[in-house]
Amino acid sequence: MTGISSKPSAGASLVLEDVVIAYKNFVVTDRINLVAEPGQFIAVVGPSGGGKTSILRAIAHLTPPLAGTVFIDDEKVDSVPQSIAMVFQHFALFPWKTVEANVAYGLRARGWRKARAVEETRGLIDMVGLKGFEKHYPHQLSGGMQQRAGLARALALQPRLLLMDEPFGALDAQTRELMQYELLRIRGRQPSTTVFVTHSIDEAVLLGDRVVVLKGRPSRVIEVVDIDLPAPRTRATTASKEFIALRERIWALVMDDPSTALGSAGD
């Protein structure tokens, strides 16, 4: 094997058909339909408590749907898929393990020997900007550095489908912005299909190929907005009239203002 970072994962296709998610007698989602083509970045926005995280859990089969079906690469998901990885808001690093041990953890769990797992993940640690911090423990890192380590750990598994649950939500504003552009850069190196949950409409528009807007209780998909912004996306992108129009269109959908939602993106 030549090294993880030099062998980008091909993205998986993802389909949700009429997915209903419930906890006991409380129905969270109402027939969610969603399609992600291989390599696409799907951002999901909507109000708090609207089922965004529940959708990720259903895709990963951590919370099996009450009704409906999840397909990954045209195969029905009826157990936790091996081709996925998740990144959480609260880093979820093992405090007693170093950066290199945390990043290598998934490979070790799959039976890799320690030396081989550490060797294979060195390129990823460099790619996320943590070279020189391999022997540091989580408490010795900033929040942004911890999240970089969490992202590297997920990418070490070469997931065909990457699920990200508000991964930058616990970071300060400046670090969050830096991590957004870091993720854009990393996507070019490891183009996994990604489903990214966020409360930030700006973040969704900056990162996404498509933005899925949820609304209601139980929630449903009220619109899927294609994000046709040119690459590369930079800080200048967020000041463009195209970006602003898309942001305002999605904001109007979330806030129930149809007069704004009808066409501002096409102006």
Side-chain angles (χ1 to χ4, degrees), residues 5 8-9 11 36-47 52 87 89 91 123-131 141-152 154-155 162-214 222-255 257 259-267:
S5 63
S9 166
E37 301 295 336
Q40 275 192 327
F41 192 107
I42 306 296
V44 182
V45 299
K52 299 185 296 297
V87 179
Q89 177 177 350
F91 317 133
L124 279 173
I125 291 172
D126 189 15
M127 185 172 74
V128 300
L130 289 178
K131 186 174 182 179
L141 306 176
S142 68
M145 294 168 77
Q146 290 183 50
Q147 196 60 301
R148 288 169 187 263
L151 179 57
L155 294 176
L162 182 61
L163 307 178
M164 306 187 76
D165 187 10
E166 279 280 348
F168 308 144
L171 304 177
D172 64 83
Q174 181 179 359
T175 304
R176 181 172 188 156
E177 183 175 339
L178 290 171
M179 286 300 300
Q180 290 166 0
Y181 293 108
E182 184 74 2
L183 183 57
L184 285 170
R185 182 184 67 82
I186 291 171
R187 280 174 58 193
R189 300 277 297 274
Q190 287 218 353
S192 304
T193 304
T194 303
V195 183
F196 184 102
V197 162
T198 179
H199 283 95
S200 169
I201 293 172
D202 284 66
E203 186 170 71
V205 174
L206 177 65
L207 297 176
D209 297 314
R210 306 171 80 199
V211 176
V212 174
V213 183
L214 300 180
I222 61 169
E223 190 161 335
V224 178
V225 180
D226 291 324
I227 307 298
D228 296 321
L229 295 171
R233 297 181 190 179
T234 65
R235 292 197 78 244
T237 301
T238 63
S240 69
K241 64 179 182 180
E242 294 83 5
F243 180 95
I244 294 169
L246 286 162
R247 181 189 66 199
E248 294 305 307
R249 176 182 173 185
I250 294 168
W251 177 259
L253 290 166
V254 171
M255 297 302 293
D257 183 1
S259 64
T260 307
L262 289 176
S264 62
D267 292 344

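In this text, all values refer to a predicted model and were calculated from it rather than measured experimentally. Position 1 is the first residue of the sequence, and the numbers go up from there.
By the 4.5 Å heavy-atom criterion applied to side chains, L183 and M164 are counted as neighbours. T175 has its side chain out of reach of Q147: every pair of non-hydrogen atoms, C-beta onward, lies at least 4.5 Å apart.
Scanning all heavy atoms of the two residues, the minimum distance from P167 to V87 falls at CB-CG1, 4.0 Å. Of all heavy-atom pairs spanning E203 and F168, the tightest one is OE2-CD1, 3.4 Å. Here the closest non-hydrogen pair linking L184 and R233 is CD1-O, 3.7 Å. Scanning all heavy atoms of the two residues, the minimum distance from T237 to F243 falls at O-CB, 3.1 Å. Heavy-atom minimum distance, V213 versus V254: CG1-CG2, 3.9 Å.
Going from atom CG of L163 over to atom OG1 of T193 covers 10.0 Å, rounded to the nearest 0.5 Å. Residue L171 holds its CG atom at 12.5 Å from CE of M145, rounded to the nearest 0.5 Å. For the atom pair I244 CD1 and W251 CH2, the distance stands at 15.0 Å (nearest 0.5 Å). To the nearest 0.5 angstrom, L246 atom CG is 8.5 Å from E242 atom CD.
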task: Determine, stepwise, if the pair R235 / E177 fulfils salt bridge (Lys or Arg N to Asp or Glu O under 4.0 Å).
output: CA-CA 9 Å; R235 292 197 78 244; E177 183 175 339; 2.3 Å; yes
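Residue F41 is tested with L207, I227, V211 for a side chain to side chain contact (heavy atoms under 4.5 Å, CB included); the sole match is L207. When the options L124, L130, I186 are evaluated for a side chain to side chain contact (heavy atoms under 4.5 Å, CB included) with R148, the one that passes is L130.
Side chain of R185 to main chain of M127: a donor-acceptor pair is present (N/O by atom type, distance under 3.5 Å, no hydrogens or angles). Using modelled atom types, one side-chain atom of K52 and one backbone atom of G46 make a donor-acceptor pair closer than 3.5 Å. Looking at R247, its side chain never comes within 3.5 Å of a backbone N or O of T238 through a donor-acceptor pair. For the pair T198 (side chain) and S200 (backbone), a donor-acceptor distance under 3.5 Å is present.
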